[in-house]
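The structure under discussion appears below in the form of structure tokens.
Computed over heavy atoms, backbone and side chain alike; hydrogens, waters and symmetry mates excluded. Chain naming here is simple, since letters A, B, ... match the order of the sequence lines and numbering starts at 1 in each.
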Amino acid sequence: MSTYVTTPIYYVNAMPHLGHAYTTIVTDTYSRFRRLCGDDVRFQTGTDEHGEKIAEAAAKDGISPREYVDKISARFQATWPTLSVAQDYTIRTTDKDHVKTVQDILQQVYDNGDIYFSEYSGHYCQGCERFLTEKELVDGKCPDHQVAPKQISEQNYFFRMSKYQDWLVEHIKANPEYITPERYRNEVLSFLSEPLEDLCISRPTSRLTWGIPLPFDDKFVTYVWFDALINYLTGIGYPNGPDFEKYWSVAEHVIAKDILKPHAIYWPTMIKAMGLPPYKRLHVHGYWNVDETKMSKSIGNVIRPHDLIDAYGVDTVRYFVLREMSFGLDSSFSTEAIIARQNSDLANDLGNLFSRSLTMIVKYADGKVPAPDQDQISESDRELMLALEKMLVTYEQQMQQFNFHKALQAVWEVIGLLNRYIVTNAPWELAKDETQAKRLNNVLYSLAEALRIITLVLRPIMPDAAEKMAVALGLGEALQKATLPEAGKWGGSEVGTAISSPKQLFPRMEKKKEQPKQAQPEQSKKGKKKKEQQITEDGLVTFDQFGKFELRVAEITAADTIPKADRLLKLTVLAPEKRTIVAGIAEHYSPEELIGKQVIIVANLKPAKLRGVLSQGMVLAAKEKLEDGTEKLVLSTVAGSIAPGSRVA
RNA sequence: GGCGAUGUAGCUCAGCUGGUUAGAGCGCACGGCUCAUAUCCGUGGUGUCCGGGGUUCAAGUCCCUGCAUCGCCA
């Protein structure tokens with residue numbers, strides 16, 4: 001059997017966050033699971049690097065798109081090893097072979113008549129990179145970006161997606177596992193109950209050059225999906241690569257729910273138009289919330305994988321996300337939740353079980369796996385064997401269905417049983433009585449054996465911890481090659497194998513409310529760094545020095561744009577005297593919305609002329625640099641209304 | 001507005017085709033053990049199974065309806 005599993009290619013306009021990490025950990029876990037089952041596995045991830053947003057972000061940074069995508073793509077690729085993710089191939093949409101394959105496919109579909117040229121006009125939102133319908137607009141603005149879209153009339157190429165709608169509906173209905181979990185399958189079928197529109201697949205080079213040129217019209221480049229989705233083919237050598245057929249016939253995609261439509265509708269119809277068989281399964285997962293709220297850049301609660309690894313370690317992070325989230329549903333991330341899992345599941349249940357078992361083998365059996373005695377098999381031994389057998393069946397089924405939390409539940413039931421087994425058999429009592437030596441050996445053997453199997457099934461989930469366990473159990477390299485069908489059977493432990501005293505697998509963690517190492521917005525991290533630098537360079541200011549700054553509350557009474565200055569606004573304020581202040585906030589605030597606002601100004605700043613206007617002071621504002629290269633600016637103000645001119649200190 | 005999902009113990013959730021006193025983990029309380037990472041084991045729940053109505057000998061489980069939350073679509 002072979003397995004081909006992919007993550008989406010991640011759009012490089014943002015740094016990796018918990019969502020990216022989750023998708024990738026899931027895919028990695030599944031690929032390791034299939035390997036454990038003995039499959040020939042191909043696991044692919046990658047980055048999506050074309051498009052307007054990339055070109056803009058690069059321009060803002062003053063570098064070429066190529067330099068920009070190299071930089072961000074490298075950040076993604078550097079993240080995966082830290083999460084113990086071991087992909088076989090990392091594709092980039094800017095790879096030469098990918099570009100060529102995309103063009104070949106476009107030409108082929110075009111030649112078959114499934115791509116046509118047409119004109120249309122509409123409201124184009126730059127943030128969304130798409131045309132919005134009349135009804136989507138709120139107060140004439142894009143609801144997501146709060147910007148009025150541009151009215152654009154454009155000629156473009158379209159993919160005849162509608163032609164394959166009936167086929168797709170039939171295919172989804174005939175294959176219940178094509179899209180899972182079921183809720184997303186239903187969503188897609190519901191969407192397909194309405195007539196499908198054709199898909200716009202190009203952008204004129206007059207507007208965008210950072211893309212793959214259409215082979216049949218060099219005045220256009222490919223628009224996102226035709227470029228991006230094809231990565232799943234190019235990564236395995238489409239069309240003539242030696243392994244293409246083998247892997248494509250078993251292709252499985254893992255995605256988050258935000259890109260369901262492209263993967264469940266655009267992609268199958270594209271594949272059909274190319275004359276290829278459809279992919280096998282599509283696995284859709286939900287979002288991670290942070291403490292009940294959405295993770296978002298503007299709130300500043302974005303969780304970064306490296307912060308999590310620093311604070312908890314990679315095994316705990318992997319275990320946590322896989323155990324906590326019901327695949328398909330949204331889940332919440334919180335410091336409390338991950339620490340609870342770490343302490344109760346990993347440290348107390350698994351870690352302690354491992355520790356006490358190995359210690360006893362070292363103490364009571366000279367550190368070697370003792371020989372079991374068939375005549376001394378007790379009821380509890382039998383129960384344990386049966387439980388492990390049952391666990392393996394459940395584990396395999398649930399892992400195959402992407403129900404990782406259920407698979408782990410099954411494993412932890414056995415861990416619980418083992419802790420009870422130890423109490424029931426009390427090896428420390430058996431050790432005191434020489435006539436019980438055989439019984440003792442059986443118990444110790446059972447423990448070694450059960451832990452060996454647990455180590456095996458935990459490998460896909462926590463590769464590093466499983467490796468440590470394997471080493472302590474004296475399993476060595478045999479386990480690396482072990483597959484579930486054989487190594488899962490009871491009795492695989494070799495008598496006489498040397499067991500070493502265990503090191504602590506998982507430490508317990510303090511349940512502090514504030515974890516200093518816990519994921520924090522990058523903003524504050526940078527701030528901390530700066531602060532440290534200032535301390536070392538003695539950049540501290542004294543109270544007296546600070547007192548020289550005269551900060552006051554000012555009320556804005558008028559605001560005007562300044563000709564030929566697109567960043568500046570001329571403000572008239574009361575502080576309490578009337579002043580004119582020039583502020584570089586025009587990109588973030590419109591004059592109208594400023595009237596009446598109370599802001600904080602530096603009142604004794606040396607006046608300066610800006611664009612011919614004398615500025616008597618300076619307005620304070622907080623600025624945040626967002627991952628996509630844009631900036632967010634918010635004026636500083638007071639928490640309640642106060643008389644203009646009040647001193648701030 | 002249309003379609004769909006969800007609503008079960010303090011928290012997170014299991015409960016398939018209706019059938020004895022509705023479950024698990026976490027947390028909490030008490031007791032026990034000592035091999036172990038102050039870990040482990042045992043005991044402890046009078047839960048309006050969202051509200052209302054209905055079908056049935058019997059409903060958390062089916063039907064209708066209302067409310068709440070969420071998703072997709074328009």
Side-chain angles (χ1 to χ4, degrees), chain A residues 132-138 143 179 181-197 256-261 264-265 284-287 289 291-294 316 320 323-334 336-365 367 380 394 398 403 405-406 408-432 440 443-444 447-448 451 465 468 472 499 501-511:
Chain A
L132 304 177
T133 63
E134 201 70 54
K135 286 176 181 175
E136 279 178 291
L137 303 180
V138 177
I179 301 166
E182 200 179 0
R183 53 190 308 152
Y184 297 108
R185 178 174 181 264
N186 294 340
E187 226 173 88
V188 171
L189 283 173
S190 146
F191 183 79
L192 285 172
S193 64
E194 305 278 320
L196 211 49
E197 283 179 22
K257 62 184 182 182
D258 58 330
I259 46 175
L260 174 62
K261 218 192 286 181
I265 297 172
V284 190
H285 70 75
Y287 290 150
N289 295 320
D291 296 330
E292 314 298 314
T293 41
K294 269 190 174 177
T316 299
F320 175 78
R323 177 63 184 80
E324 196 76 5
M325 179 174 262
S326 295
F327 191 85
L329 303 177
D330 292 356
S331 281
S332 283
F333 175 89
S334 71
E336 291 76 22
I338 192 168
I339 290 178
R341 288 287 177 202
Q342 163 85 4
N343 286 347
S344 63
D345 295 6
L346 296 177
N348 294 352
D349 292 349
L350 173 60
N352 184 55
L353 166 68
F354 190 75
S355 171
R356 66 197 301 208
S357 301
L358 266 57
T359 302
M360 285 191 283
I361 294 175
V362 168
K363 260 191 186 170
Y364 305 142
S380 63
T394 308
Q398 300 296 0
N403 291 322
H405 69 297
K406 287 187 181 171
L408 285 170
Q409 239 169 43
V411 177
W412 256 257
E413 270 173 38
V414 169
I415 289 170
L417 179 64
L418 275 164
N419 275 322
R420 266 168 277 147
Y421 175 85
I422 291 174
V423 172
T424 307
N425 289 287
W428 53 93
E429 293 295 334
L430 298 175
K432 290 175 191 163
L440 175 62
V443 171
L444 296 179
L447 290 176
L451 286 174
K468 282 183 208 157
I499 302 289
S501 286
K503 281 180 286 184
Q504 194 173 30
L505 277 179
F506 301 101
R508 292 178 58 79
M509 300 189 79
E510 289 289 318
K511 275 185 213 169

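Counting non-hydrogen atoms under 4.0 angstrom, A:Ser355 reaches a base of the nucleic acid. Heavy atoms of A:Asp349 sit under 4.0 angstrom from primed sugar atoms or phosphate atoms, though from no base atom. Across all strands, A:Gln342 comes closer than 4.0 Å to no nucleic acid atom at all (heavy-atom distances). Contacts of A:Leu358 with the nucleic acid, taken as non-hydrogen atoms under 4.0 Å apart, are absent. Contact annotation for A:Gln504: base contact, defined as any heavy-atom pair under 4.0 Å involving a base atom. Nucleic acid contact class of A:Phe354 (heavy atoms, under 4.0 Å, all strands): none. Here A:Asn419 lies in heavy-atom contact (under 4.0 Å) with sugar-phosphate atoms only.
One P atom belongs to B:G25, the other to B:C63, and the distance between them is 32 Å to the nearest Å. Comparing the C1' positions of B:C33 and B:C41 gives an interatomic distance of 7 Å, to the nearest angstrom. For the P atoms, the distance linking B:C49 with B:U61 amounts to 10 Å, nearest Å. The P atoms of B:A9 and B:U46 are separated by 14 Å, rounded to the nearest whole Å. Distance check on atom C1': B:C30 versus B:C64 gives 48 Å, rounded to whole Å. Using atom C1' as the reference point in both B:G45 and B:C28, the two lie 12 Å apart (nearest Å). For B:U21 and B:A59, the P atoms lie 11 Å apart once the distance is rounded to whole Å. Rounded to whole Å, the C1' atom of B:G60 lies 14 Å from the corresponding atom of B:C16.
When each of B:C40, B:U37, B:C35 is scored by its nearest atom to the side-chain atoms of A:Asn348, the top-ranked nucleotide is B:C40. The side chain of A:Val423 approaches B:C40 more closely than any other nucleotide in the set B:C40, B:U37, B:C72. Counting only heavy atoms from C-beta on, A:Asn352 has its side chain closest to B:U39 among B:U37, B:C33, B:U39. With B:U34, B:G71, B:C26 as the choices, the nucleotide that has an atom nearest any side-chain atom of A:Glu429 turns out to be B:U34. Of all nucleotides listed (B:U37, B:C40, B:C72), B:C72 comes nearest to the side chain of A:Glu187.
Across all strands shown, B:A59 has no partner, as no Watson-Crick or G-U wobble contact with both distances under 3.5 Å is found. Across all strands shown, B:A14 remains unpaired; no Watson-Crick or G-U wobble contact has both distances below 3.5 Å. Across all strands shown, B:A29 pairs with B:U43; the Watson-Crick or G-U wobble distances both stay below 3.5 Å. Base pairing analysis places B:A22 opposite nothing; no Watson-Crick or G-U wobble pair with both distances below 3.5 Å involves it. For B:U69, the paired nucleotide is B:A5, the pair qualifying as Watson-Crick or G-U wobble because both relevant distances are below 3.5 Å. With a 3.5 Å ceiling on both atom-pair distances, B:U34 lacks any Watson-Crick or G-U wobble partner.
Side-chain nitrogen and oxygen atoms of A:Arg508 include at least one within less than 4.0 Å of the OP1 or OP2 phosphate oxygen of B:U39. Taking side-chain N and O atoms only, A:Lys406 has no distance below 4.0 Å to OP1 or OP2 of B:C13. In this structure, A:Asn186 does not reach the B:A5 phosphate: none of its side-chain N or O atoms is under 4.0 Å from OP1 or OP2. Side-chain nitrogen and oxygen atoms of A:Lys363 include at least one within less than 4.0 Å of the OP1 or OP2 phosphate oxygen of B:A36.
Where A:Ser357 and A:Arg420 each meet RNA chain B at their nearest nucleotide, the meeting point lying more 5' is that of A:Ser357. Checking A:Leu417 against A:Leu346, the closest nucleotide of RNA chain B that is more toward the 5' end is the one next to A:Leu346.
Summarising the geometry, the separation between CG on A:Leu353 and C1' on B:C35 is reported as 11 Å, rounded to the nearest angstrom. Protein atom CD of A:Glu336 is 22 Å distant from nucleotide atom P of B:G25, rounded to whole Å. For A:Arg356 and B:U39, the CZ to P distance is 13 Å, given to the nearest whole Å. Atom pair A:Asn425:CG and B:C41:P shows a separation of 14 Å (rounding to whole Å applied). For the pair A:His405 NE2 and B:C13 P, the interatomic distance rounds to 10 Å; values are reported in whole Å. Atom P of nucleotide B:G25 and atom CD of A:Glu413 are separated by 9 Å, given to the nearest angstrom. Put simply, CG on A:Asp330 is 17 Å from P on B:U69, counting in whole angstrom units. Put simply, CG on A:Leu329 is 9 Å from C1' on B:U6, counting in whole angstrom units.
Of the possible donor and acceptor atoms, none in the side chain of A:Asn343 sits under 3.5 Å from a partner among the backbone N and O of A:Arg508. Distance alone, capped at 3.5 Å, places no donor-acceptor pair between the A:Ser355 side chain and the A:Gly351 backbone. Of the possible donor and acceptor atoms, one in the side chain of A:Gln342 sits under 3.5 Å from a partner among the backbone N and O of A:Pro507.
The local environment of CD in A:Glu429 is crowded, with over 12 non-hydrogen atoms from other residues, nucleotides or ligands closer than 6.0 Å.
Summarising the geometry, atom CZ belonging to A:Phe320 is positioned 10.5 Å from atom CD1 belonging to A:Ile339; distances are rounded to the nearest 0.5 Å.
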Check step by step if side chain to side chain contact (heavy atoms under 4.5 Å, CB included) holds for A:Asp345 and A:Leu408. CA-CA 10 Å; A:Asp345 295 6; A:Leu408 285 170; over 6 Å; no
I would like to know whether A:Arg183 and A:Val284 meet side chain to side chain contact (heavy atoms under 4.5 Å, CB included); could you show each step before the answer? CA-CA 9 Å; A:Arg183 53 190 308 152; A:Val284 190; over 6 Å; no
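Nearest approach of A:Ala347 to A:Phe506, heavy atoms of both residues: CB-O, 3.5 Å.
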